[in-house]
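Below: one structure, written as structure tokens.
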Number of protein chains: 2
Amino acid sequence: MRNPTLHDVARAAGVSYSTADRVLNRRGGVAEKSVLRVQHAIDELGYQRDIHAANLSRRRSYVFRFYLPQGDHSFFTVLRQVVEAQAAQRLAERMQIQIHDVPPLDADALAAELSRIEAGDCDCVGIIGSDSGALTAAVERLQAMRIPVVTLVSDAAVEARMLYVGIDNVAAGRTAGRLLRLAHGRGPGRVLPILGALASRDHRDRLKGAHEVLTEPGRHLHLLPPIEVQDRSDILRQKLAAMLAADPQITGIYSIGAGNRALIAMLRDMPTPRPFVVLHELTAHTRAALEADLIDAVIDQNPDVEITLALQAMKAIADELPATPPEVNPTIYLRDNLPR
Amino acid sequence: MRNPTLHDVARAAGVSYSTADRVLNRRGGVAEKSVLRVQHAIDELGYQRDIHAANLSRRRSYVFRFYLPQGDHSFFTVLRQVVEAQAAQRLAERMQIQIHDVPPLDADALAAELSRIEAGDCDCVGIIGSDSGALTAAVERLQAMRIPVVTLVSDAAVEARMLYVGIDNVAAGRTAGRLLRLAHGRGPGRVLPILGALASRDHRDRLKGAHEVLTEPGRHLHLLPPIEVQDRSDILRQKLAAMLAADPQITGIYSIGAGNRALIAMLRDMPTPRPFVVLHELTAHTRAALEADLIDAVIDQNPDVEITLALQAMKAIADELPATPPEVNPTIYLRDNLPR
DNA sequence: AGATTGCTGATTGACGTCTGTCATTCCGAT
DNA sequence: ATCGGAATGACAGACGTCAATCAGCAATCT
């Protein structure tokens, strides 16, 4: 009744334990026909190697390393907390989770850090993806060293990584658009998108998604050209004030990137009825704003689920099991389904 | 640099391995001062027992058993699929996940099944909670046998279980109410709730939540008395048709329980503009309806996340680690953030 | 013939923990 | 001083796998 061991496999295949081991661990030096017999016995018995026993024997523990932007960017603070919490929990499962700081929004600095990794330093690394030649090269170097790379939050050039764990940003944008559309009922409206930079792929994707939904025919909704604020609150304050003064008809605001603190502060002083506001990432600030009715919806990428799934995937990759691409959905938070 | 072993602890405490083991596994027969020295060494070194090695040695594998309603109820079909998928995956982690069939909506039958469990049959059971004297007694019997019980989807009487893994149904109802409110803009409206039975706690909670949000002052929204359909499509068809004929002003429908197939079929034949529709649980049918624009929003309890977290919690309980009550949030699905 | 090569089997000692046995030490009570 | 029991130590054999070594055997080459 209990699971078969490699001994059972060897016996079933009519070879010695040594040979079964040589086949299982691809040590070579085994005749073709023996390989086949062992493989046949393996699927015959449904043998699954006991990973824990193997790890014990190898004295292996998984080392996963995350490169996270430092600084007081609220979302990354949340992300970091989630990783740290998991690090503490997973220690008992032989997972060592390291966090390395990198400057925010700086693909070259990240690339430089990655190129400092040596073979054996870790079993898998997780980074925030972005499109950058230097980064692509650094990731390719890691792949050559057989260190897999998982991208989080925002994807990187597709050829150069193992797995993307994160939301579909076009879908997230469409979702924001749908909420804005829903809130306008059948009436007209003008929606202003605010983003960090059009160069950032996730921001571009979200804008694209919102555009798709808002400009479907049969609606009287207008999506204004986005204002770019480089994640800086002073620029946001200035540009948004100018826009609102120039266009008093704005009925909706879609904040695509960071810098929500400044936006929320401005909303507090706005006359009612204020525009319908959708923004991204649940943080202490956006949560408070939602509770205070300063904004209407938050679209979150569920960092905790994201990290949990990323670690599962990393372990699967390290164990050379088939890693099913995990799915993270953009979550809509209204005042009433806030966590905790 | 590597994690300390029990040998290290024993050495640090100045006792033999045997004594350290006796303390760790509460075998008794150890002098008070030795217990203290060992415990001190344990936290001094931050010792964590290697669970995998321990399980290996004990030849232990976790047996978790779920009691799930059989029948073609769409949501439970999804739930069952999720459990089966996890069962296959977790096998490699020494988790045996069993599924036992029980008749749907029958707390007494479930209680009877539970009372058939004997000590040692499994390490933890998961059930769909409900309020029933027989069920409470059966769960208490299991507790006495030191078999923890986790409730899913809907909670049971609080004293008689270890952990509830599932959404807050009041919050789910509030969320539905918020969506309906949002879709009405500032205009008036009449919302019709449809539910299986008021006796069912999750249904009651959801209705309560929706009521809270829809009847807040300053709105011109009216929540009609719910129609009860006992999860049966013929009753739904009949009662809903009667309601719609009697009250042509209905602008919103909140379907709280099961029986959505019949509702969706009726919506297909409804003249536009149809009411704004919110319902629960993402299944093949509700998904198709969302894509076909027959309904507007689905509130889902994320069975996959729920089961993943339930298993994590079950394992933590079995390992006698502190089990943090996991959090599952009701998720809002619009057309644009559907998974996969 | 002897040497080389390729494949196979047998064996061993880890890894960290559990469980059991047996012998020893210590301490308090007699 | 003796005895009993409690506390402790020492040790061994598992659990399933890894990793390494050594020996044996047949087929092939020189």
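Chain naming here is simple, since letters A, B, ... match the order of the sequence lines and numbering starts at 1 in each. When reading the values below, keep in mind they use all heavy atoms of this one structure, side chains included, and skip hydrogens, waters and symmetry mates. Source: prediction; values computed, not measured.
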What is the distance, rounded to the nearest whole Å, between atom OH of A/Y17 and atom P of C/dC7? 21 Å
When you measure from the side-chain N and O atoms of A/R58 to the phosphate of D/dT17, is any distance below 4.0 Å, counting only OP1 and OP2? no
Spacing between B/R27 atom CZ and D/dA6 atom P, to the nearest angstrom: 19 Å
Contact under 4.0 Å: A/S18 side-chain N or O vs C/dG9 OP1/OP2: no
So, B/R60 and B/D123, do they make that salt bridge, N to O below 4.0 Å? yes
Does a side-chain N or O of B/S34 approach OP1 or OP2 of D/dT8 to a distance below 4.0 Å, or not? yes
Expressed as a whole number of angstroms, how long is the span from A/N55:CG to C/dT17:P? 15 Å
What I want to check is whether the side chains of A/N3 and A/R49 have a donor and an acceptor closer together than 3.5 Å. no
With distance as the sole criterion, do the side chain of B/R22 and the base of D/dG9 form a donor-acceptor contact below 3.5 Å? yes
Do A/I127 and A/L135 come close enough that some side-chain heavy atom pair is under 4.5 Å? yes
Is the base of C/dA10 touched by the side chain of A/S16 through a donor-acceptor pair closer than 3.5 angstrom? no
Hey, what do you get for OG (B/S61) to CZ (B/R94), rounding to the nearest 0.5 Å? 7.0 Å
Please work out whether the ring planes of A/H100 and A/Y67 are parallel, tilted or perpendicular, with thresholds of 30° and 60°. tilted
Starting from the first five and the last five pairs of the helix from C/dA1-D/dT30 to C/dT30-D/dA1, work out the angle between the resulting helix axes, to 10 degrees. 50°
Given atom NE2 of B/H7 and atom P of C/dA14, what is their separation to the nearest angstrom? 12 Å
Return yes if the base of D/dG16 and the side-chain atoms of B/R59 contain a donor-acceptor N/O pair under 3.5 Å, otherwise no. no
Taking only side-chain N and O atoms of A/R49, does any of them lie within less than 4.0 angstrom of OP1 or OP2 on D/dT17? no
Once you apply a heavy-atom cut-off of 4.0 Å, does B/I51 come out as touching a base, just sugar-phosphate, or nothing? nothing
At under 4.0 Å, does any side-chain N or O of A/N25 touch on OP1 or OP2 of D/dC18? yes
For residues B/T331 and B/D300, is any side-chain donor paired with an opposing acceptor at under 3.5 Å? no
